[in-house]
Amino acid sequence: MSTNFIGKKSAAAGGWGALKSCGKRLMQSGSPLAGARTLLKANQPDGFDCPGCAWGDPEHGSSFEFCENGVKAVSWEATEKRATPAFFAAHTVSELRKQSDYELELNGRLTHPMRYDASSDRYLPVSWDEAFSEIGATLQGLGDPNRAEFYTSGRASNEAAYLYQLFVRLYGTNNFPDCSNMCHEASGVALRQAIGVGKGTVLLEDFEKADAIFVLGQNPGTNHPRMLGDLKRAAMRGARIAVFNPVREKGLERFSDPQDKVEMIRGGSKTIASHYYQPRLGGDMAAVRGMAKVVFAAEDAAIAAGKPSVLDHPFIAEHCHGFESYRAAVEATAWDEIEDQSGLSRAQIEEAAAIYMGAESVICTWAMGVTQHRHSVATIREITNFMLLRGNIGRPGAGLCPVRGHSNVQGDRTVGINEKPAPAFLDALEQEFGVPMPRANGHNVLAAIGAMLDGTAQAFIGLGGNFARATPDSALVEKALQGLKLTVHIATKPNHGHLMPGEKSFLLPCLGRTEMDVNASGASQLVSVEDSMSMVHGSGGINRPASPHLLSEVAIIAGIAQATLGSATVDWAALGQSNDRIRDLIERTIPGFEDYNKRLRKPRGFHLRNSAAHREWNTPAAKATFSSGPLPEETVHQEASKTGNRFALQTFRSHDQYNTTVYGLDDRYRGVYGERQVIFIHPDDLAALKAEAGDRVDVVGEHGDGVSRIAKNFRFVPYDIPRGSIAGYYPELNVLVPLGSAGEESDTPTSKSVMVSFRPRNVSAAAA
Ligand SMILES: Nc1nc2c(c(=O)[nH]1)N[C@H]1C(S)=C(S)[C@@H](COP(=O)(O)OP(=O)(O)OC[C@H]3O[C@@H](n4cnc5c(=O)[nH]c(N)nc54)[C@H](O)[C@@H]3O)O[C@H]1N2
Ligand SMILES: Nc1nc2c(c(=O)[nH]1)N[C@H]1C(S)=C(S)[C@@H](COP(=O)(O)OP(=O)(O)OC[C@H]3O[C@@H](n4cnc5c(=O)[nH]c(N)nc54)[C@H](O)[C@@H]3O)O[C@H]1N2
Ligand SMILES: [Mo]
C-alpha cells in the first residue's frame, strides 16, 4: 500500500514551519501587504478580535501576538476570491454539492444576497428588501413560532447575538440551537452545579503564578496556539505541566516560540509538558478520581505521622458542601476499575497526584477531549471536586479554565443565546420592552434536529456556522434541512449547509470581523466579544468589505426583525444602525455591563465579575458543591474491548482546519500530508487487524440502533495512541456520530467516543 501521504512530523510546534505556513497563507490571500497590515491589528487594543479562538489577550497589547492559525483565520476572511452571482449562475446547487468542504470555501467570499430558484436549481441574486420581506412573511405564516429554529455559531458579536435573541423572543420562541450545545455545554452545566457559575474562574495573569497546570483533552498547539506561549513561560519558570491526552500532540510536547528571536535563530525549542499521560478515550473521570484517591491516602498518612494536612480543611469547612459523601465515593471506587477505565497505571496516577499535591496553586484547563463524552458533566464535576480538595479555586494562580472554542461563544451565552433562559433575564427583557417573553424552554441542537426530522420544525435560520456538517448524523441532517419551508444562512463563505435548500432558501452575505463596518450615516461601528477569561473588549475591522453589497450581521438581523414584527415594540432600523444603542440595551437588561459603551473602548476592555473567583457560591447550598456519583458503568472504550474489531473513535481537528472550514489537506504536527480521510491507530491494533499503514478501509458505525452508518475509504496511519482508541478528522466522520448518543445532562453529541468497526475495501471497491 502506498503511504506517501505519511511524512515527517514537525520537530516542535510553532517555529519556522509556522512562519513559513503564514507566508504561504498571506500570498494565497492575494494581497500580502494588506494581509500583513491586517495581522498587526489582530488582538490589539485598536484593532479587531482575532476570529481564531477564545484564548485571552495579554495585558500589554503592544507586541503583536503571533499565531499561525490566527493568520489562517484572518487570511481566510481577507481572501481576494469571490463567490459572485456569476459563480452561482455557472453551477447548479447539485453540482456544488459534489465539491468538498475545502473546495467549496475556496470559491471565496459571498458578495450578494441570493435566493434559491428550484426550477433552475441555482441561487439567483435578490434584493435585500425582497429577501427580508419574504423571510418575514414566511416566518409569520408558520402559525406557531416554535416551528422555527434559530441557530447561532460562536463567532457572532455580543451586539449581533443580543439583537438576534431579542428578535427571536419577541417573535415568540426560545428555540436557540447553538454551537456551544456541541462544544462546552458540559462545562457550563457542571460548573453551574458545582460552583454556581458556568464559566472559568481564572485570568490570563493566573498562568504566571500557577505552580502546576493540568491540561486535559485539549490540543492547544493547533486550536489555541497563543496558549502555548503562556504554557511555555510557565514551564520556564519551573511550573509543572501535566498533560492528559490519548494522543501525543506535538504542540504539548515541544514548542518553538516565534516571538523568541534567539530561539528562532538557534532553531531551539522548549519542552511544554513535564508529564504526559495517555488515558483511553473517556478515561479522564477515572484518572481524576484515582488522583483524588491518592490525595486522601496521603492525607491519612500525614495525619498518622503528625505532619501538616494535605487537604485544605479551612477552605472545605467554610466553603464546601458534600465533602464526606465525596470521600466515601472515592473510597468505594476500586483501583482495578480506575486503571481499566482510565488506561493509566496506578503508578502513573500516583505520580500525577504528587504533582498536584506538590503545587501550592494549580490551574486545570480542558476542552473537547473532556466535554464530548456521555459522562462529560460527571467528569467536569470530578475535576472540580479534585480542585476543591486543596482550595484551588478563587485564589491567585489557581482555578478552573474551560478553554472555549469560537472567539465569542462565551459572550453569545452571556447576552442571551440560551434555549433555557434564566427567568431573571426574561423579567428584565419584559420590563425593558413591556411585552411578555416566551417562558417555555426551547430547542437545543439535538432537539432542533429532532423537530426537523419529525416535521414539527419548518424553518431554519443560521447566524453563521455550518449546521449541516457540524452536527451528528450529518447525512440525515442534510436531508432534514431540505424538507423545511424556509432555510436562511447569514454567512461569509459558501459551505455545504447552504446547499440543502428548503422550499424557500436565502443566502445572506455579511461583513466579517476584520472588515470596516460603516453605517448608512457614515459612522463606523465597533462590536464587542468576551474571551475565555471573561474579558469583554471592542473589535473594529480595518479591511475594506469584500463587496459593497454586504451588510453587518446586526443590520441583517434588524432587517429580518422589521419585516417579521414591524416596529411597534422595537425601533429595529435604529438599532440596526447603531451598536452603541444595542449596548445600551444590554447594559439595561444584563448585570455586569455598567458603563458598557465607555469601558468597552478601554485598551483591554473590562472583566465580567466571576462570583466563584471571589469564593461566592451561587449554588442551592450556597457553597462549592462536591458531587459523589460513581464512575460510568462502562465507557465506549471498555465496551469495545470486549469484542474483536471494535474501536472507540474520537473525531478531532487537523492543524489545517477551523471546524468545518478546511484550510488545507496537511496535518504537519501529526505527519499527514495531502489527505484527510485517515484513521490514527496503534501499530499493534493494525497488526491484529492484519492491516498495514496506508491500507484503505470503510469505517462502520456500531452504535447498535439499527441505523447503517458508513464512512468510506479511509486510510490507516500508525500512531502513538492507546490500543483500542482511534482518531480521525471532523467533519468527514460526522456521518458516524449517532444522533441518539448524547452527554448526560449536557445533551452534547458524543463526538469523542463513537463505537466503530472496520470493513476492508477490496481493490475494485477502492477504485469506486
Ligand atoms: N485552528 C483552529 N482553532 C480552533 C478550532 C479549529 O478547528 N481550528 N476550533 C475552535 C473550537 S470551536 C473549539 S471547541 C476548540 C477545540 O479545541 P480542542 O478541544 O483542542 O479540539 P480537538 O481537535 O477536538 O481536540 C481534542 C483533543 O482532546 C484529545 N482527546 C480526545 N478524547 C479525549 C479523552 O477522552 N480524554 C482526553 N484526556 N483527551 C482526549 C484529542 O486527542 C485532542 O488532542 O478550538 C477552537 N480553535
Ligand atoms: N464530530 C465532531 N463534530 C463536531 C465537533 C467535533 O469535535 N467533532 N466540534 C463541535 C464544535 S466544538 C463546534 S463549536 C461546532 C462548530 O459548528 P459551527 O460553528 O456551525 O461551524 P463552523 O465550521 O465554525 O462554521 C463555519 C462557517 O461559518 C461561516 N462564517 C465564518 N465567519 C463568519 C462570520 O463572521 N459571520 C457569519 N455570519 N458567518 C461566518 C462561514 O460561512 C463558514 O462556512 O462543531 C461541532 N461538531
Ligand atoms: Mo467549539
Side-chain angles (χ1 to χ4, degrees), residues 51-55 67-70 72-73 76-77 101 104-105 110 151-157 160 178-184 215-225 243-249 252 277-284 287 366-373 379 403-407 409 445 462-472 474 489-498 508-514 553 556 635 637 648 650-661 663 680 721 725 727 729-731 733-734 736-737 748-749 751-754:
C53 76
W55 189 248
C67 166
E68 177 192 357
N69 280 348
K72 290 182 195 166
W76 175 89
E77 191 171 289
D101 300 288
L104 258 180
E105 296 206 17
L110 299 164
Y151 180 66
T152 316
S153 169
R155 215 182 286 215
S157 64
D178 171 20
C179 76
S180 87
N181 299 141
M182 299 182 272
C183 185
H184 263 293
V215 180
L216 282 79
Q218 206 200 332
N219 181 22
T222 287
N223 298 313
H224 303 92
V243 168
F244 288 73
N245 197 314
V247 178
R248 284 202 85 93
E249 301 284 25
L252 288 164
Y277 303 104
Q278 292 177 271
R280 292 177 175 146
L281 289 176
D284 301 84
W366 68 89
M368 297 305 101
V370 167
T371 64
Q372 295 176 333
H373 294 284
T379 304
V403 184
R404 304 280 161 179
H406 267 299
S407 51
V409 65
V445 163
L463 178 56
N466 189 352
F467 190 77
R469 297 287 281 166
T471 44
S474 42
H489 302 278
I490 301 168
T492 50
K493 281 196 187 175
N495 67 41
H496 269 274
H498 307 158
L508 307 180
C510 65
L511 294 171
R513 183 87 58 77
T514 59
E553 288 179 331
I556 295 172
T635 59
H637 186 281
Q650 65 144 320
T651 53
F652 61 7
R653 293 152 172 81
S654 83
H655 192 61
D656 230 358
Q657 73 183 82
Y658 193 92
N659 298 339
T660 67
T661 294
Y663 298 133
F680 298 92
I721 187 170
S725 294
Y729 301 132
Y730 138 70
L733 288 162
N734 281 39
L736 300 177
V737 182
T748 297
S751 308
K752 294 293 191 276
S753 46
V754 183

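In this text the structure is predicted, and so the values were computed from the model without any measurement. Start at 1 and go down the list; that is how both ligands and their atoms are numbered. Computed over heavy atoms, backbone and side chain alike; hydrogens, waters and symmetry mates excluded.
Atoms of ligand 1 lying under 4.0 Å from at least one heavy atom of Glu249, given by number and element, are 42 (O), 43 (C), 44 (O). If you number the atoms of ligand 1 from 1 as listed, the ones under 4.0 Å from a heavy atom of Val247 come out as 42 (O). Counting the atoms of ligand 1 from 1 in the order shown, those under 4.0 Å from a heavy atom of Cys183 are 14 (S).
The shortest separation from a heavy atom of Gln372 to ligand 1 is not under 4.0 Å, leaving the residue out of contact. Residue contacts with ligand 2 leave out Tyr729, since none of its heavy atoms falls under 4.0 Å from the ligand. At least one heavy atom of Arg653 sits closer than 4.0 Å to an atom of ligand 2.
At a heavy-atom cutoff of 4.0 Å, ligand 1 is contacted by the side chain of Lys752 but not by its backbone. When non-hydrogen atoms are compared, ligand 1 lies under 4.0 Å from the side chain of Asn69 (C-beta onward) but not from its backbone. Contacts between His224 and ligand 1, counted as non-hydrogen atom pairs separated by less than 4.0 Å, involve the side chain only. Contacts between Asp284 and ligand 1 below 4.0 angstrom, taking non-hydrogen atoms only, involve the side chain exclusively. Looking at His373 against ligand 1, only its side chain comes within 4.0 Å, counting heavy atoms.
Contact record, His373 with Gly282: CE1-N, 3.4 Å, taken as the closest heavy-atom pair.
Heavy-atom proximity to atom 20 (O) of ligand 1, evaluated over Thr379, Asn219, Thr222, Thr635, is greatest for Asn219. Counting heavy atoms only, Asn223 comes closest to atom 17 (O) of ligand 1 of the residues Asn223, Leu281, Thr371, Asp656.
Residues Tyr151 and His489 place their aromatic rings such that the two centres sit no closer than 6.0 Å.
Between atom CG of residue Leu511 and atom OG1 of residue Thr492 there is a gap of 10.5 Å, rounded to the nearest 0.5 Å.
Between Cys183 and Val409, every side-chain heavy-atom pair lies at or beyond the 4.5 Å cut-off.
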